[in-house]
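Written below as structure tokens is the structure these notes are about.
Lettering follows sequence order; numbering is per chain, from 1.
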Amino acid sequence: MSQPPIVRVALDHPLAELYDYAWRGDVPPRIGQLVGVPFGRRSAVGLIYEVADTSDVPSDRLKEVETICEAMSPVSQAWLDLIAFAAGYYHRALGEVALPALPAPLREPERWARLFAREPQFAPTPEGRLALPDALPSRAVALRRLAEALLESGRLSASAARELHAKAVATLESWVESGWACRVETEALANPVEVADVSSPDGAAAAATARMPAATSDQAAALAEIDAATGFASFLLYGVTGSGKTEVYLRALERLLERRPDAQALVLVPEINLTPQFERTFRARFGHLAPGAIVSLHSGLAEGERTRNWLAAHDREARIVLGTRLAVLASMPALAMIVVDEEHEPAYKQQEGLRYSARDLAVWRAKQLDIPIVLGSATPSLESWHQAEQGRYQRLTLATRAVAEAVLPTVRLIDQDMERKRGIHSIEGMSPTLVAALRARLERGEQSLIFVNRRGYAPTLACDACGWVAGCPRCSAYAVLHKADRTLRCHHCGWEARIPRACPECGNVDLAPLGRGTQRVEEAIAGVVPGARVLRIDADSTRRKGSAEALFDNVHTGGVDILVGTQMVAKGHDFQRVSLVGVLNADTALFSHDFRAGERLFAQLMQVSGRAGRAGLPGEVMIQTRYANHPLYASIARHDYAGFARAALKERREARLPPFAFQALLRADARTLEAALAFLDAAAAELEGLPGAEHVTRYDAVPLTIVKVMHVHRAQLLLESGSRAALQAALRAWQPRLRDIKGGDTRGMIRWSVEVDPLDI
DNA sequence: AGCACGCCGACT
DNA sequence: GTCGGCGTGCTC
């Protein structure tokens, strides 16, 4: 007992789960504490997972804990267990999951002291927010930087200000004098107060929602079920666009927070940047809570704000955390309900590093904490729908649109095959039927939306004479033609070059764009529908921060007749005056080798269809296709998700695909494709005889569709099993053997990673 | 994963 | 003569 205790610490390091350190503090160590430790020649940050009396590591090699983080109270055992589950399930070391889940300043011991300090803080006033951007002369660079820092984070500590400019504090004091800023003497880590902008249409919409519309009977029934839940319950809230899912979340949360003044709730959204209305609605509706009771967590936040918000959740000050997938790993000691909006969205799957599914982890977390979770969608993932069919999730259906006058749009398939046979020719890729419909809307003063699944001018540039096609020199992908800035660009690595004047192979100067992207469609429409004000919204036109908002505002205020965009336009925004939605190029997804392509296409089409006819205008959706008889389109035309799901699940069952089987991928990156494939073959051989492996099907190692990115060749090996446990057991035993594969044909640098439940294969 | 140490080509 | 390429090995 007189021996100093040993703490077992998780570090962001793949080799060992826990590293032992001696503890020589005056106070006993606490599990969940964040500590700074020496590691090799450097120092590292770790989380205490266990406290023990002895260690297997010889005592002369044990090092001591250097620093203890006072800014963060220890995380709960439940949080440590959540991390341990995720680490085990996705086959990473504890610390590789735990530490990246913390905001960056907590991972840097030098910054701990500052985080903890309670020092004067400055916040902008609403007047300051309006006045400051224009009040300063442009040559006053230091002042402008100070103003930007203040406005951007909403909070600025005196010491942070001093770093920008020696006399910054005096300047801030003068702004307090002029009413542009105020001193905030409260806790340094408290959350800034959001200023609601009621002058914008979104603000007005949020204010209107705040008045609480009467619940439909479907909503009331759903709420009653959620209210009645005691302990763990998984609800699949199934309702078309406009059926009022958000209203159900809001009321369920309201009741929970009223009933239990100490409780916290987590609300996940796929992409917060695309759903500002959602956030505003929440802030308006829960405006009566203390300032700082609603915090958001997503990667777009400035570091300081993200840290403040994370700690507010951890310290129970935040009652509602509204965030993207990364928020599923937030520490919330009083978590009592989880909502996952648009649960089918692929954005919930992290696509790099730890490839977790935030939706799946949310369900696990609800089960762990014995609390209800609500998964909402108009087009649930087939995984969730299947769970509901099996009775493991309770399905709550919102059948009617909440806005009384809004009706489902009529969906019309434009059979391009038929049109061609009748000698009707497309104009710039658009059927005359669609063009006529666009012109008619323009005459009636209604808006139209054209959905194109590709950005850029054309997917690539080609030479008619010799068949040369523009490709990326670093990747095995087409170079996309961007006419606006006269470049060829690779959408996989960012490579960019000027459009060549002639074919580099044969010198032919007649290079022609191949296929159609948003820019080309935008250009074509301007020519085909004279007088229309056309606006394009895609990742290129909204690159600058905040520009998406400005473009959307332009649509809301009627400054646009025809909107051309990628999926981006389908998410989160209600366009009150759009009465026609046209869909181009949908067919490509029908025959994809990705078995989930159909599911994604269905969800996308349902979502864009939902953009049509929301405010009393009868909406119409036109889908151009060469496969008008495809059952997927028939389901879309009937707005029949259930029918689509039934057919799709039947196919999945027969093909033994998810959700009837479980999958994992081994991915390998190497300098040559041969090396990557050789590594995977060796890995497949290692699987032989491992526990669970007899129930695991392994497929051949194959190159990825885009086999080369940035000169790195990529290949993968698919594993599949009817038993999740068998697959997990095999993966666990496989891991150390993968590390040992070396030499032979695999020499050269190989990077590999295991992905559980991959979304794209 | 980092970040050291450790042996072979083109440069101030 | 060095600076620097990335191959191999270690981290409680």
Side-chain angles (χ1 to χ4, degrees), chain A residues 3-25 28-69 80 83-84 86-88 90-102 104 106-110 329 350-356 666-672 674-676 678-679 682-683 710-714 734-756:
Chain A
Q3 288 279 82
I6 304 291
V7 290
R8 316 200 66 215
V9 178
L11 302 176
D12 186 2
H13 201 80
L15 287 179
E17 286 284 28
L18 296 173
Y19 297 83
D20 296 359
Y21 286 89
W23 178 272
R24 294 200 193 277
R30 286 192 287 169
I31 286 171
Q33 240 169 348
L34 197 59
V35 291
V37 294
F39 189 69
R41 259 158 274 255
R42 294 160 301 144
S43 58
V45 167
L47 263 181
I48 301 181
Y49 252 83
E50 293 170 13
V51 177
D53 300 325
T54 56
S55 169
D56 294 339
V57 179
S59 60
D60 57 325
R61 290 186 60 196
L62 272 184
K63 294 180 182 173
E64 283 176 32
V65 171
E66 264 167 358
T67 38
I68 300 161
C69 178
L80 293 174
I83 297 300
Y90 294 109
H91 300 279
R92 299 296 164 104
L94 286 173
E96 287 185 290
V97 183
L99 292 147
L102 303 176
L106 284 172
R107 282 178 268 149
E108 294 166 37
E110 317 79 68
L329 294 179
Q350 171 93 39
Q351 288 295 13
E352 56 197 26
L354 180 79
R355 296 179 167 236
Y356 62 92
L666 177 63
R667 288 214 158 88
D669 292 357
R671 234 170 314 181
T672 64
E674 291 67 35
F679 171 83
M710 288 292 267
H711 298 302
V712 173
H713 288 79
R714 317 180 302 167
W734 203 23
Q735 213 79 358
R737 302 201 178 203
L738 291 175
R739 261 175 232 136
D740 291 341
I741 299 175
K742 267 181 199 131
D745 290 335
T746 67
R747 93 199 94 77
M749 200 185 57
I750 304 262
R751 290 166 78 100
W752 55 268
S753 64
V754 168
E755 177 173 4
V756 180

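Ring geometry, A:Phe679 versus A:Trp752: the interplanar angle falls under 30°, so the pair is classed parallel (tilted spans 30 to 60°).
Across the protein-nucleic acid pair, A:Leu11 atom CG and B:dC3 atom C1' stand 16 Å apart, rounded to whole Å. In this structure, CZ of A:Arg739 is placed 16 Å from P of C:dG9, rounded to the nearest angstrom.
Looking only at side-chain heavy atoms (C-beta outward), A:Arg8 and A:Tyr49 stay at 4.5 Å or farther from each other. Annotation: side chain of A:Pro100 is not in contact with side chain of A:Leu354 (no heavy-atom distance under 4.5 Å). No side-chain heavy atom of A:Val37 sits under 4.5 Å from any side-chain heavy atom of A:Tyr19. With contacts defined as side-chain heavy-atom distances shorter than 4.5 Å, the pair A:Asp12/A:Phe39 does not qualify.
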Every protein N/O lying under 3.5 Å from an N/O of nucleotides 10-12 of chain C:
from, atom 1, to, atom 2, distance (Å)
C:dT11, OP1, A:Arg61, NH2, 3.0
C:dT11, O3', A:Gly40, N, 3.0
C:dT11, N3, A:His13, NE2, 3.3
C:dC12, OP1, A:Pro38, O, 3.4
C:dC12, OP1, A:Gly40, N, 3.3
C:dC12, OP2, A:Lys63, NZ, 2.6
C:dC12, O3', A:Asp20, O, 2.7
C:dC12, O3', A:Lys63, N, 3.0
C:dC12, O2, A:Asp20, N, 2.7

